[in-house]
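The structure presented is a predicted model; accordingly, all values stated were derived computationally and were not measured. Just follow the structure's listing: the first ligand is 1, and inside any ligand the first atom is 1.
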Amino acid sequence: MILLDGKQTAAEIKDELALEVEKIKKNKGKIPHLAAVIVGNFGPSLTYVNSKVKACERVGFNSTLIDLPEDITEEQLLHELALLNKDAEIDGYIVQLPLPEHIDEQKVLMAVDPDKDVDGFHPTNVGKMTLDLPSFLSATPYGIMELLKRYKIETSGKNVVVIGRSHIVGRPISILLSQKRDFGNATVTLVHSRTKNIKEITQKADIIVVALGVAEFLTGDMVREGVTIIDVGITRLKDATRKRGYRLAGDVHFESVSKKAAYITPVPGGVGPMTIAMLLKNTLSANKKLNS
Ligand code: GUN
């Protein structure tokens with residue numbers, strides 16, 4: 001079994017990005033600048049956003065954290081985004097999800113300038129992606145593609161099963177893996193909560209991407225020997241034996257599945273760090289596009 005080490009791979013990508021920043025500085029160009037908008041103080045979102053800002057510092061990007069109160073109105077939030085869209089200093093930005101219930105998430109994502117949409121969530125970018133046109137790819141699916149590429153995992157002609165149909169991960173990764181592209185050309189089955197006999201389907205898979213948000217959903221009896229596993233889930237499970245009171249679990253029951261897998265991503269240290277690295281890569285692309 002080989003661990004697909006997202007932490008190490010992301011560190012390599014960040015080193016490559018830091019070199020790019022050095023080149024930009026030498027040429028007196030504009031340093032990439034990412035802004036992150038967070039509404040309220042939902043614990044995991046704060047952790048993610050802080051990691052994104054820290055990653056910017058590490059590669060030499062500028063970053064701005066826009067921390068807005070939980071009770072901000074939709075109109076005020078849309079106004080903040082309009083300012084970011086106009087701000088020539090900001091190359092790209094993200095609005096951390098989830099948003100409070102009183103705010104229409106779709107309306108907010110539609111308000112992001114597609115050229116600054118480094119999360120790749122705007123319908124313009126999603127539409128371009130589905131049509132094989134250049135676009136910002138959303139960071140988690142992009143990170144999975146990059147991990148497959150850097151570990152040279154053949155996908156062409158393979159049976160891939162994607163578990164979960166979220167807009168952020170399941171849907172886009174199922175499209176990317178089926179496209180006529182490097183590390184695409186797979187036969188993709190997307191399974192979800194209404195699928196019958198998931199186990200029968202996963203047992204035939206060469207590669208399984210699990211993005212369901214249910215801790216330890218995929219167990220050893222559901223997979224065949226030699227499978228490749230990409231675990232997107234990350235859930236806090238109560239654990240009184242830990243000082244912090246919880247442990248992090250993926251959507252995969254690691255102990256049983258890793259015994260049969262040829263390749264598997266750990267949680268933490270698998271897909272998560274790749275997501276951040278690809279967000280930075282998208283920010284560099286936005287910077288190049290806006291300043292060329
Ligand atoms: N919430 C969970 N994942 C993501 C992500 O990739 N981007 C944003 N903006 N919010 C998220």
Side-chain angles (χ1 to χ4, degrees), residues 6 10 13 34-56 61 63-68 70 72 77-78 80-81 84-85 90-101 103-114 116-126 129 135-147 162 164-173 175-176 209-215 230-236 248-251 265 267-268 270-283 285-286:
I13 294 167
L34 173 73
V37 178
I38 181 159
V39 182
N41 45 21
F42 177 54
S45 288
L46 288 170
T47 311
Y48 294 143
V49 167
N50 284 327
S51 308
K52 290 170 186 180
V53 169
K54 235 166 78 186
C56 283
F61 286 7
S63 63
T64 299
L65 181 60
I66 300 170
D67 196 348
L68 301 171
E70 176 91 21
I72 190 170
L77 177 59
L78 292 173
E80 291 288 339
L81 304 193
L84 286 168
N85 287 343
I90 303 294
D91 297 302
Y93 69 95
I94 63 158
V95 181
Q96 187 67 27
L97 303 178
L99 290 169
E101 290 227 329
I103 294 174
D104 181 345
E105 188 173 294
Q106 203 53 45
K107 214 165 161 182
V108 169
L109 296 181
M110 294 276 278
V112 177
D113 178 346
K116 293 191 175 191
D117 172 37
V118 286
D119 251 338
F121 291 168
H122 190 285
T124 297
N125 284 316
V126 178
M129 183 264 296
S135 69
F136 290 118
L137 296 182
S138 76
T140 302
Y142 192 11
I144 295 170
M145 296 304 283
E146 194 68 19
L147 208 50
V162 176
R165 54 182 159 184
S166 71
H167 291 169
I168 294 183
V169 187
R171 185 86 51 86
I173 195 67
I175 293 167
L176 291 168
V209 180
V210 202
L212 197 63
V214 177
I230 308 289
D231 186 355
V232 183
I234 187 155
T235 310
R236 291 178 180 187
L248 294 173
D251 286 357
T265 58
V267 175
V271 173
M274 290 301 292
T275 297
I276 296 182
M278 303 323 276
L279 175 67
L280 299 179
K281 230 171 142 69
N282 277 344
T283 305
S285 303

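The shortest side-chain heavy-atom distance between V39 and P100 falls under the 4.5 Å cut-off. Proximity of I234 to V271: side-chain heavy atoms (C-beta onward) are nowhere separated by under 4.5 Å. Taking 4.5 Å as the limit, some side-chain heavy atom of K52 sits within range of a side-chain heavy atom of L279. Side chains of L65 and N50 form a contact here, defined as non-hydrogen atoms less than 4.5 Å apart. A 4.5 Å side-chain heavy-atom check between N41 and L46 finds at least one atom pair inside the cut-off.
Residue contacts with ligand 1, taken as heavy atom pairs separated by less than 4.0 Å, do not involve M278 at all. Contact annotation for L97 and ligand 1: heavy atoms of both the backbone and the side chain come within less than 4.0 Å of the ligand. Here Y48 has no heavy atoms under 4.0 Å from ligand 1, in either its backbone or its side chain. Heavy atoms of L279 found under 4.0 angstrom from ligand 1: none, in either backbone or side chain.
Those atoms of ligand 1 with a heavy atom of V95 less than 4.0 angstrom away are 8 (C), 9 (N). Each of the following atoms of ligand 1 lies closer than 4.0 Å to a heavy atom of F121: 5 (C), 7 (N), 8 (C), 9 (N).
N282 places no side-chain N or O within donor-acceptor distance of the main-chain N or O of S138, the cut-off being under 3.5 Å. Between the side chain of D251 and the backbone N or O of D231, no donor-acceptor pair lies under 3.5 Å.
Where the criterion is an N or O separation shorter than 3.5 Å, residue side chain and backbone included, I168 fails it with respect to ligand 1. Residue contacts with ligand 1: I94 is placed with no nitrogen or oxygen under 3.5 Å of a nitrogen or oxygen of the ligand (distance criterion only). Backbone and side-chain nitrogen or oxygen atoms of Q96 are examined, and one is located within less than 3.5 angstrom of a nitrogen or oxygen of ligand 1. Close N/O approach between T275 and ligand 1 is not found [any backbone or side-chain N/O within under 3.5 Å].
Shown are D119, D117, N85; of these, the side-chain hydrogen bond (donor to acceptor under 3.5 Å, both in side chains) with Y93 is made only by N85.
Ranking protein heavy atoms by distance to atom 8 (C) of ligand 1, first place goes to D119 OD2, 3.3 Å.
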